[in-house]
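Report on the following structure.
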Amino acid sequence: FLANSLQTLTMNKKKTGAHTVTSSTSTTIDFWFSPANENWTNPRFLGQLLLVFLVGLLLFSNTIKHEYVLGDTGAIEQNLNVQKGFGGIKAILTQDSWEFSEVRLGYYRPLSLITFAIEYEFFGKAPHVSHFNNVLLFGLSGIFLFLVLFKLFHHYNAFKCYRDWE
């Protein structure tokens with residue numbers, strides 16, 4: 001299957017040089033966001049990435065000063081496994097997300113609880129650290145979305161289309 005896919009990509013390779021896929025004795029695939037990609041050295045592209053990241057930070061930076069709210073109480077403050085830090089990770093992987101709260105919803109979301117346990121191990125009960133991490137993750141998610149959309153639509157010229165509609 002993989003060999004057929006590589007051959008198909010090779011046959012469909014455009015002359016733009018955006019994709020380098022060869023099917024020979026050595027298979028080379030230029031991944032989407034490799035450092036060798038010419039976009040990583042383009043100051044305009046890097047500025048766009050920085051702008052997306054900063055907008056993400058600014059949108060949610062006001063939450064850093066807040067305390068735990070709503071679901072945080074059951075997920076962090078009442079969850080004994082989270083409060084054990086690294087020692088509670090094994091139990092987190094085997095139990096409901098709301099194991100120690102009054103309401104049991106049958107949620108299994110270990111990744112968020114593991115990150116809470118790691119934060120608790122290093123910083124104790126520190127909602128500001130949790131909120132700061134969430135703000136950073138939101139900014140990074142914006143960058144990831146930008147990169148995916150850029151990869152999907154980098155051949156699309158919005159200004160040309162706009163002129164065609166006039």
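Numbers here simply count residues along the sequence, with the first being 1. A quick note: this is a predicted structure, and the numbers were derived from the prediction, not measured.
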Other residues, nucleotides, ligands: >12 heavy atoms within 6.0 Å of Tyr68 OH: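 For Tyr68, atom OH is crowded (more than 12 foreign heavy atoms under 6.0 Å).
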Test side chain to side chain contact (heavy atoms under 4.5 Å, CB included) applied to Tyr108 and Leu93, step by step: CA-CA 8 Å; Tyr108 179 71; Leu93 291 170; 4.2 Å; yes
For the side-chain contact (heavy atoms from CB on, under 4.5 Å) test, which of [options] pairs with [X]?
{"X": "Thr63", "options": "Val135, Val69, Asn134", "result": "Val135"}
{"X": "Phe116", "options": "Asn133, Val82, Asn79", "result": "Val82"}
{"X": "Leu50", "options": "Leu54, Val52, Leu46", "result": "Leu54"}

Phe122 ring center within less than 6.0 Å of Phe86 ring center: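 So the answer is yes for these two rings.
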Phe45 ring center within less than 6.0 Å of Phe150 ring center: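 Distance test on ring centres: under 6.0 Å, yes.
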Closest non-hydrogen atom pair, Pro110 against Ile92: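 In terms of heavy atoms, the two residues are closest at O-CG2, 3.9 Å.
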Heavy-atom pair with the smallest gap, counting every atom of Ile64 and His128: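 Shortest heavy-atom separation between Ile64 and His128 comes out as O-ND1, 2.8 Å.
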Determine whether [X] and [Y] fall in the same hydrophobic cluster, where Ile, Leu, Val, Met, Phe, Trp and Tyr are linked whenever their side-chain heavy atoms lie under 4.5 Å apart.
{"X": "Leu137", "Y": "Val148", "answer": "no"}
{"X": "Leu145", "Y": "Phe153", "answer": "yes"}
{"X": "Phe53", "Y": "Leu58", "answer": "no"}

Summary of salt bridge (Lys or Arg N to Asp or Glu O under 4.0 Å) pairs that have at least one residue in residues 44-67, sequence neighbours excluded: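 The answer is none; no pair qualifies.
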Set of residues satisfying ring pair (Phe, Tyr, Trp, His ring centres under 6.0 Å) with respect to Phe60, sequence neighbours excluded: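 Phe60: ring pair (Phe, Tyr, Trp, His ring centres under 6.0 Å) contacts with Phe138.
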Donor-acceptor pair, side chain of Gln83 and main chain of Glu77, under 3.5 angstrom: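 Looks like yes, one N/O pair under 3.5 Å.
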Distance (rounded to the nearest 0.5 Å) between Ile114 CD1 and Glu119 CD: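 Reported to 0.5 Å precision, the distance equals 12.5 Å.
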Rounded distance [0.5 Å steps], CD in Gln48 versus CD1 in Ile143: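 Reported value, rounded in 0.5 Å steps: 12.0 Å.
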For Glu121, all residues meeting salt bridge (Lys or Arg N to Asp or Glu O under 4.0 Å), sequence neighbours excluded: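 With sequence neighbours excluded, Glu121 shows a salt bridge (Lys or Arg N to Asp or Glu O under 4.0 Å) to no residue whatsoever.
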Residue pair Leu113, Ile76: steps toward the side chain to side chain contact (heavy atoms under 4.5 Å, CB included) verdict: CA-CA 8 Å; Leu113 293 181; Ile76 300 169; 6.0 Å; no
